[in-house]
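Atoms within a ligand are numbered from 1 in the order they appear, just like the ligands themselves.
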Amino acid sequence: MPGAEKLGPDSLDGLVLVSNPAVTPDGRYILYTAARVSLATDSYESSILAVKVDSGEQIVLQSGPRDSCPVPSPDGRRYVFARKVEQRDRRGNKLPGIELRLASLDAPGASQLIARVEGIVSLSWSPDSRRLAAALPMGRPDEDVKEIETLPVWFNGKGFVYKTRIEPFIIDVDSGIMERIELGLNWLQVSDVAWSPDGKKIAISVAADMLRPYLLDVYVYDVENGEAHVVAQGLRGYGELAWSPDSKLLAYLGHRGERGFSSHQKIMLLNPETGGLECLTCSLDRNAVNTVNSDVRFRSCLKKLQWTIRGIYFLVSDSGRVILYRVQPGMEPEPVLDPGEAVVDEFSASRDGSIIAYTLMTPVDPKELYLYRGMEARRLTRHTEAWKRRYKLAQPRRFSFRASDGATVEGWVLPPPEGVEQRGWVLYIHGGPKTMWGYGFMHEFHVLSNAGYTVVYVNPRGSDGYSEDFADIRCRYGERDYMDLMEAVDYVVKQLGLPKSRAAVMGGSYGGFMTNWVIGHTSFFRAAVTMRGISNWISMYGTTDIGWYFVEDQLCCTPWRRSDLCWEKSPLRYADRIETPTLIIHSNEDYRCWLDQALQLYTALKLRGVETKLAIFPGENHDLSRSGKPRHRVKRLQLILDWLNKHIPGARNED
Ligand SMILES: CSCC[C@H](NC=O)C(=O)N[C@@H](C)C(=O)N[C@@H](CO)C(=O)O
């Protein structure tokens with residue numbers, strides 16, 4: 001029975017974000033994190049819980065409020081987890097970090113394992129449960145003047161990282177003694193570590209070329225003699241690793257860069273003896289990771305691929321859905337858990353693959369914990385039930401249309417819930433561009449729909465969830481992607497009857513770029529909201545944390561090579577054509593799309609007399625809408641509603 005309350009911006013309060021479903025290798029327990037959004041404390045109060053698989057009994061393991069990321073040991077008796085700690089240096093600069101803690105599954109409490117690290121990039125237990133291989137960021141920036149001689153300079157959510165090296169370690173869990181694994185590299189960023197099931201080796205994927213950090217090498221470190229040797233070089237992508245149960249082969253999550261950063265992540269089989277590499281998922285032509293957008297996620301430390309005796313498990317993004325797949329060397333990939341119009345958001349499997357723990361969401365259900373065993377899926381938690389009962393949530397409807405070049409483009413409309421009159425509608429453009437809209441829960445969409453705005457969300461060319469070719473818009477930003485969106489607008493007006501004079505456009509990041517592009521190329525929309533966006537590719541070059549190479553790869557230009565192209569594709573170039581009242585939302589620590597992107601657009605609009613407003617969120621970064629301080633998230637939503645309400649007033653019968 002749907003609730004009666006309007007789902008407004010502050011409905012975030014009390015919502016529980018379920019994440020990190022970690023099954024113990026013996027399949028007895030599932031450990032997970034539950035984070036409650038609290039407006040009172042302006043934080044996410046996170047604790048660690050467990051479910052006993054056989055009885056379904058729930059246990060609170062760590063009551064928080066800043067605990068997350070449990071990683072159980074192979075013997076199923078202990079787990080390590082992260083406790084967020086905040087310190088300040090002598091100058092008062094925030095020093096966010098975490099403490100690594102060790103706890104027993106049979107007794108309460110926990111002890112400190114590592115006092116304070118900047119973060120944890122990867123953890124992998126030794127099979128005897130006595131040690132951990134870890135990839136940890138080391139090195140802090142200068143407290144006062146930053147004296148920088150390396151790249152990258154900064155990273156979103158982490159701050160200045162020019163002194164940070166991500167290094168591999170072995171940690172003895174009983175003594176807490178940490179030993180660095182020496183790879184003989186001057187500069188290194190480890191992306192993953194994986195301890196082999198026979199206990200003899202640790203596989204490490206690492207970027208070793210500071211000027212080309214997207215190139216990854218794979219090392220195998222011999223635990224007994226302390227020697228490491230390279231088994232593959234120049235790979236790309238996520239770089240996650242998983243050993244085969246017989247410790248002979250490695251699964252590598254990534255690609256060879258066939259289509260630059262538009263390439264799908266693939267499961268590659270790597271033979272460390274011969275260096276042979278084989279793609280196991282190329283026939284699928286889908287991205288072997290979860291890229292669906294959602295704003296109800298919380299920190300997770302689970303691996304994206306896992307190799308059990310039943311095969312290699314991984315998630316696949318497909319037409320807005322996220323499906324759990326499995327592949328065996330020499331065989332075709334097969335779906336194991338297809339949730340239908342839903343998203344398997346994260347998963348882990350027991351050692352024998354007989355038990356799979358996962359979180360699931362749908363467009364109307366925030367994430368909950370599930371268990372898959374013997375071909376049956378069972379929901380284990382109900383953390384969001386009471387929250388859901390309070391509100392009215394409308395159900396989205398899928399649509400698809402044939403674009404002018406013959407391709408099929410997919411989208412969804414989320415109308416206002418029953419009893420709420422439609423005031424107008426919003427074309428909401430996702431970021432990436434290689435992410436997708438689909439069956440993920442979007443709290444923000446329900447806020448808009450409850451305020452009377454139908455939300456139209458489309459996966460134009462450049463999006464994920466389809467073929468690699470569909471996702472590849474390199475050198476062509478603002479062309480086919482723009483056409484797909486405007487053809488979708490035409491479709492929803494003509495076929496679904498949405499009123500053409502009450503439309504707004506909005507989006508974040510690449511979606512902010514596209515919003516800026518749209519308003520420079522059409523005056524169709526009554527209002528625009530551009531968030532964490534891009535307005536100038538020339539100044540985006542060298543400031544974005546996703547790398548100077550991102551602009552070159554995606555736009556095919558640099559400020560000194562084909563700069564005309566960079567400028568041609570910059571929304572700022574068309575600022576003199578913009579007439580749409582535009583709200584610009586940006587965070588002052590957004591190192592992905594730096595604040596200059598917002599300031600330049602704002603200044604241009606102001607000077608040209610276009611109605612505009614710039615809202616800068618202090619202390620927030622690129623992820624404001626997804627993991628920003630809860631009160632800032634509420635304020636952001638309120639600003640958006642105020643802007644839409646101002647520019648899309650009443651007059652309902654004019655179409
Ligand atoms: C180094 S290539 C990865 C770039 C990345 N693309 C995929 O998401 C990216 O961060 N692009 C941003 C410009 C962007 O649009 N980000 C999106 C998706 O994360 C956002 O919503 O913030």
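The main-chain N or O of Val518 is never found under 3.5 Å from a side-chain atom of Thr522 such that the two would form a donor-acceptor pair. With hydrogens and angles ignored, the 3.5 Å screen pairs no side-chain donor or acceptor of Ser19 with any backbone N or O of Arg297. Of the possible polar contacts, one joining the Lys434 side chain to the Ser262 backbone as a donor-acceptor pair under 3.5 Å is found.
Looking at Arg626 against ligand 1, only its side chain comes within 4.0 Å, counting heavy atoms. Counting heavy atoms under 4.0 Å from ligand 1, residue Arg592 touches it through the side chain alone. Contacts between Tyr510 and ligand 1, counted as non-hydrogen atom pairs separated by less than 4.0 Å, involve both the backbone and the side chain.
Between Tyr549 and ligand 1, no pair of N/O atoms sits closer than 3.5 Å. Not a single N or O atom of Thr435, backbone or side chain, sits closer than 3.5 Å to an N or O atom of ligand 1.
In the vicinity of Ser509, heavy-atom distances shorter than 4.0 Å reach the ligand 1 atoms 12 (C), 13 (C), 14 (C), 15 (O), 16 (N), 17 (C), 20 (C), 21 (O), 22 (O).
The closest approach between any non-hydrogen atom of Gly432 and ligand 1 is below 4.0 Å.
Taking a cutoff of 4.0 Å between a charged side-chain nitrogen and a carboxylate oxygen, Arg592 and Asp590 do not qualify as a salt bridge.
In this structure, the separation between CG on Leu427 and CZ on Phe524 is 9.0 Å, given to the nearest 0.5 Å.
Residues Trp537 and Tyr477 bring their aromatic ring centres within 6.0 Å.
Atom 4 (C) of ligand 1 has Phe550 CE1, 3.5 Å as its closest protein atom, hydrogens excluded (heavy atom only). Atom 1 (C) of ligand 1 has its closest protein heavy atom at Ile546 O, 3.5 Å.
If you run ring pair (Phe, Tyr, Trp, His ring centres under 6.0 Å) between Tyr428 and each of Tyr457, Trp412, Trp437, only Trp437 comes through.
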